[in-house]
Number of protein chains: 2
Amino acid sequence: MAKGITREQIVTAALSLLDDKGLDGLTVRALAARLEVRPPALYWHMRNKQELLDEMSTAVMRRVTTAVLALPPADGWREDLAAYARILRSEFLLHRDGARIFSGTRIADPDVVRMKEPWLARWTAQGVGLADADDAIDLAVAFVVGFVIEEQEQQQSAGTDPSRYSIDQRDAWLGPDVPLVKEAGHLRDHGDQRFERHLGIVLDGLAARFDS
Amino acid sequence: MAKGITREQIVTAALSLLDDKGLDGLTVRALAARLEVRPPALYWHMRNKQELLDEMSTAVMRRVTTAVLALPPADGWREDLAAYARILRSEFLLHRDGARIFSGTRIADPDVVRMKEPWLARWTAQGVGLADADDAIDLAVAFVVGFVIEEQEQQQSAGTDPSRYSIDQRDAWLGPDVPLVKEAGHLRDHGDQRFERHLGIVLDGLAARFDS
DNA sequence: ACCTGAACACCGTTCAAGT
DNA sequence: ACCTGAACACCGTTCAAGT
């Protein structure tokens, strides 16, 4: 036993390599070393590196699906959608550059899309139009993707280049004659609080449409 | 003359190389060839490839800024913000994988951020709180980024793999027992119409917050 | 000041050969 | 069925040397 690498082990190792070394450090050779095989061994299990990246995306999205399906049915579309948005964000946040890397990549697993069915059923039963319901999901995903890309970029830059995101140095960098931009920078919040507020705004927009 | 490559020429050539060959084809060596110099020549003008990517982002964002500043002052925050969102989307769409590549990358040019000042001034004069106004801009950007990433991914997959985005084949791929997911797929629209609708929803959410 | 030639360490990938 | 050794074409980057 303990012999023979599986596809699943490869993907898991690749995700942890990504988190340790970043996307630049995620090389086929480094991955092989971590799995204690020679690089060409990986090509028995997958066609090329792109397929590995697709599998990594699928694995992350499958975790989202699993978490969503474990959720108790909520009171209404708004709570369902909010829960989805929160899960999506936290799974993205689990991996370095997660939002940028795992968004927009082709979802190789139909189950991830099939998962929408119970929601569409519940929401349309609650009086929401089918097209509107589907729109709502896509809009929420777009918002989360955009939000977390920005969030992770700032987290990361704060690590490598504190000057760019320290408020005082930002003020100097901005130069004179933009008092409101500077003041707004000081008022800015971060993290969960900011996410919940922005999510609430998006959901309010959807509510306005659904109730008319 | 005609001797001596400028930084600006490098960035312009890099953007057109990106559009022709994609991110994988954007190599220092291919870029040098296009500019008719040897690869090391580029390292006199820039520290490394990352700096080139940052400059490309900045160039794109500077085009956005220029277009925004050329805009006649609109009637209210909603029209200002909608115009910004449309400009951002169209500049992203100008370049292959534009949204994914140019979002979240550190903006190397303070002018891009300083541009917010006139809007913050106008909107707060219209009764919007400063923190809300700044939130609104960020939320709009997050939405556009998420929307266009998905939009460009679909455009691109439609080119390389028609089966994934042809409606009939998608139905087969989805499998049985998800009638609503399938029907929603048939109802789905694309392009400007979809963008304007989703943008409207986001702006409605902001309006609900601003008017309370 | 601006560029080239040559070189270095490192990629992803293929393929014949091993077990 | 699963993996290795050796090799190929190609990267980003450095640096001494040229003009």
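Chain A is the first sequence line, chain B the second, and so forth, proteins listed ahead of strands; every chain is numbered from 1.
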For this session: Taking ring pair (Phe, Tyr, Trp, His ring centres under 6.0 Å) as the test, write out the residues that go with W119(B), two or more places apart.
Result: Y84(B), W123(B)

Problem set entry | Within 6.0 Å of CD in E196(A), more than 12 heavy atoms from elsewhere | yes

Problem set entry | Length of the CG-P vector between L35(A) and dC2(D), whole Å | 15 Å

Exercise. Within this structure, what is the CH2-to-C1' distance between W44(A) and dC2(D), rounded to whole angstrom?
Worked result: 6 Å

Under 3.5 Å donor-acceptor pairs involving side-chain atoms of residues 143-153 of chain A, not counting sequence neighbours:
from    : atom 1 : to      : atom 2 : distance (Å)
E151(A) : OE1    : R89(A)  : NE     : 3.1
E151(A) : OE2    : R89(A)  : NH2    : 2.7
Q152(A) : OE1    : G98(A)  : N      : 3.0
Q152(A) : OE1    : A99(A)  : N      : 3.0
Q152(A) : NE2    : F92(A)  : O      : 3.1
Q152(A) : NE2    : H95(A)  : O      : 3.1
E153(A) : OE2    : S157(A) : OG     : 3.1
E153(A) : OE2    : R106(B) : N      : 3.4

Partners of [X] by salt bridge (Lys or Arg N to Asp or Glu O under 4.0 Å), sequence neighbours excluded?
X       : answer
R78(B)  : D204(B)
E117(B) : none
D134(B) : R188(A), K116(B)

Exercise. Base, backbone or nothing for each nucleotide of nucleotides 6-19 of chain C, written B, S, -, heavy atoms under 4.0 angstrom, 5' to 3'?
Worked result: B----BBBBB----

Exercise. Any idea which of dG5(C), dC3(C), dC3(D) is nearest the A41(B) side chain?
Worked result: dC3(C)

Seminar exercise, completed: Contacts of E51(A) meeting side chain to side chain donor-acceptor pair (under 3.5 Å) (sequence neighbours excluded), chain-then-number -> R7(A), R47(A)

Exercise. Does H45(B) place a side-chain N or O at less than 4.0 Å from the phosphate oxygens OP1/OP2 of dA1(C)?
Worked result: no

Seminar exercise, completed: Read 5' to 3' with Watson-Crick or G-U pairs under 3.5 Å, [ ] for crossing pairs and | for partners on another strand, DNA chain D gives ||.|||||...|||||.||

For this session: Provide the full list of side-chain hydrogen bond (donor to acceptor under 3.5 Å, both in side chains) pairs with a residue in residues 28-40 of chain B, sequence neighbours left out, each pair given once.
Result: S16(B)-R34(B), D20(B)-R34(B)

